[in-house]
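So you know, we letter chains A, B, ... as the sequences are listed, proteins then strands, and number each from 1.
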Protein chains: 2
Amino acid sequence: MTPEEPPYRRIAADLRQAVERGEYRPGQQLPSGSALMKRYGVARQTVQNAFDALRAEGLVTTQPGAGVFVRTKPAVTRLARNRLSRAARTANQATFLGDAAASGFTASVEVEIRIETADEHLADALHIEAGDEILVRRRTMRADGEPVQLATSRLPRRLTAGTAIEQENTGPGGIYSRLEEAGVRLDHFVERVLTRPATVDEAALLNVAAGAPVLVVRRVAIDESGTPVEVNDMTMVGDRYELVYELAAD
Amino acid sequence: MTPEEPPYRRIAADLRQAVERGEYRPGQQLPSGSALMKRYGVARQTVQNAFDALRAEGLVTTQPGAGVFVRTKPAVTRLARNRLSRAARTANQATFLGDAAASGFTASVEVEIRIETADEHLADALHIEAGDEILVRRRTMRADGEPVQLATSRLPRRLTAGTAIEQENTGPGGIYSRLEEAGVRLDHFVERVLTRPATVDEAALLNVAAGAPVLVVRRVAIDESGTPVEVNDMTMVGDRYELVYELAAD
DNA sequence: AAGTGGTCTAGACCACTTG
DNA sequence: AAGTGGTCTAGACCACTTG
């Protein structure tokens with residue numbers, strides 16, 4: 001670390017404060033690189049370093065050819081993740097479509113369905129044998145056309161063969177309702193939540209900067225006998241999601 | 001966007017693949033900037049851009065004066081956040097210390113206790129009047145000496161006056177047990193989880209790069225009459241936490 | 001003492017957007 | 001046509017770590 005703050009950080013701090021004071025509102029353009037070079041008497045790279053820092057913080061977005069703009073905080077998609085009860089399922093259609101509608105978004109989902117065989121990790125998670133057939137549903141969820149979530153569900157093929165779970169449209173209540181119709185009694189779900197920087201592939205699919213925070217949720221559905229029947233890996237754009245959980249006191 | 005990939009991205013991609021192939025193991029040093037300048041025939045800044053990209057992804061850490069190193073993935077602190085039941089409380093001491101012990105960390109907590117008055121937002125969240133006295137407990141949690149979480153609890157002073165909640169050490173079961181002893185019947189907790197890039201202040205307190213993902217959790221404790229009795233805002237280092245929630249199927 | 005990553009200057013070219 | 005952000009070169013200095 002240098003003993004005194006490097007120039008690019010001072011420039012970044014000045015711009016940050018200006019935004020916080022409301023001098024530049026969300027969506028508005030910040031001074032251009034050239035303007036800042038003159039104002040501070042620095043080289044191009046120094047201004048670029050300041051822009052990079054502000055972008056990493058998520059305070060601004062940059063549009064090459066156009067300018068640097070204060071980020072408009074998008075309305076949060078509130079995902080009441082405890083809304084997986086039977087009652088909620090029979091009322092709603094698919095979970096994501098319900099959540100998006102509740103948040104005022106136009107939702108769309110793209111589904112790719114495949115039959116694969118389980119590798120060791122997945123076989124372990126689903127209590128099946130490696131090499132067993134599994135049904136894979138890969139989905140891209142969009143809100144107002146913008147991709148906001150990638151999700152991959154995997155279920156033992158033995159549970160899904162001949163059901164609407166292998167169709168694009170799984171019908172009212174989604175795959176959980178179809179599982180129960182097929183005789184599976186769901187008992188509970190376990191969700192593990194973590195965050196990390198987006199990988200390069202995720203960044204491309206979700207249209208965010210590489211390294212931008214994503215929420216990663218693995219949900220496992222467990223039946224009355226304690227057997228896992230579905231593993232759902234979800235990757236959500238950090239900006240667009242807020243997960244809500246309710247926990248009993250006893 | 002340039003039509004062909006800029007040189008710094010190709011350098012970053014090469015290094016990423018080398019790490020993925022296992023050529024450089026976690027903790028090991030990557031080739032130095034000078035070595036890469038020669039190997040690729042590029043300027044210092046170009047190598048620096050590659051390093052910056054890999055750091056944003058969280059793949060490497062850089063130590064000025066020493067080198068660029070493959071990040072060692074730290075053992076995850078598994079926070080079974082559904083462990084707020086009465087039974088678990090009476091068994092454990094404080095929640096964080098229990099979690100850390102279960103994950104094999106040496107935990108330490110630094111507490112700062114203050115009495116403040118509620119601003120409008122907080123008064124709204126706690127169902128009290130703006131200006132009412134509140135007890136504020138600001139904590140920094142460390143695992144093996146490294147800061148991993150900042151937490152700020154706020155409770156109406158009326159509930160905490162004369163209890164151990166206003167002491168540094170709140171005793172067995174923590175503040176929830178003290179609240180129940182004082183006649184508060186807890187009913188449930190609501191946790192809202194989101195992620196965002198660390199602010200500059202948080203980054204300094206948590207010893208991470210500005211913009212690194214943090215998990216932000218707001219927990220509200222609600223009593224049997226539906227009144228919120230505590231608001232706890234937590235900021236966790238993204239790398240170090242995995243939150244676990246269990247949801248009933250009906 | 002030699003090597004490291006971080007930052008800087010001054011100047012250049014590029015693809016792109018805006019009026 | 002003028003302006004924008006992104007990237008690059010070539011060279012420099014700095015504080016720091018390593019042997």
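Neither side chain, A:R44 nor A:S34, offers a donor N or O lying under 3.5 Å from an acceptor on the other.
Contact annotation: B:R10 does not reach the phosphate of D:dT7 (side-chain N/O to OP1 or OP2, under 4.0 Å). Within the 4.0 Å cut-off from OP1 or OP2 of D:dG5, not a single side-chain nitrogen or oxygen of A:T62 is found. Applying the 4.0 Å criterion to OP1 and OP2 of D:dG3, one finds that A:S34 has every side-chain N and O outside that range. Close to C:dT4, at under 4.0 Å from its OP1 or OP2, lies a side-chain N or O of B:S32.
The CZ-P distance, from A:F69 to D:dG6, rounds to 11 Å in whole Å. One can place CG of B:L15 at 11 Å from P of C:dG5, the figure rounded to the nearest angstrom. Between the CD atom of A:Q29 and the C1' atom of D:dG3 there is a distance of 10 Å, rounded to whole Å. In this structure, B:Y8 places its OH atom 8 Å from C1' of D:dG6, rounding to the nearest Å. Atom pair A:L54:CG and D:dG6:P shows a separation of 11 Å (rounding to whole Å applied). If you take CG of A:L36 and P of D:dG3, they are 16 Å apart, rounded to a whole angstrom. Spacing between atom OH of B:Y40 and atom C1' of D:dA10 amounts to 21 Å, rounded to whole angstrom units. Atom CD of B:Q63 is separated from atom C1' of D:dA15 by 14 Å (rounded to the nearest Å).
Between B:P31 and B:L36, the shortest heavy-atom distance links the atoms O-CD1, 3.8 Å. When all heavy atoms are compared, the tightest approach of B:P7 to B:T46 is CB-CG2, 4.1 Å.
Rounded to the nearest 0.5 angstrom, B:E246 CD and A:L247 CG are separated by 10.5 Å.
In DNA chain C, consecutive stretches of 3 or more Watson-Crick or G-U wobble pairs with both distances under 3.5 Å are given as paired ranges: C:1-18 with D:1-18.
A salt bridge does not link B:R219 with B:D233: none of the charged nitrogens is closer than 4.0 Å to a carboxylate oxygen. B:E110 and B:R138 are not joined by a salt bridge, as no carboxylate oxygen comes within less than 4.0 angstrom of a charged side-chain nitrogen. Salt bridge status for A:R137 with A:E230: absent, with no side-chain N to carboxylate O gap under 4.0 Å.
Around atom CZ of A:R16, more than 12 heavy atoms belonging to other residues, nucleotides or ligands sit under 6.0 Å away.
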Apply side-chain hydrogen bond (donor to acceptor under 3.5 Å, both in side chains) to residues B:S153 and B:R139 and explain how you reach the verdict. CA-CA 8 Å; B:S153 278; B:R139 285 158 294 165; 2.8 Å; yes
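Listed by residue number, B:R44, B:Q45, B:Q48 are the residues of residues 41-51 of chain B with a heavy-atom contact under 4.0 Å to DNA chain C.
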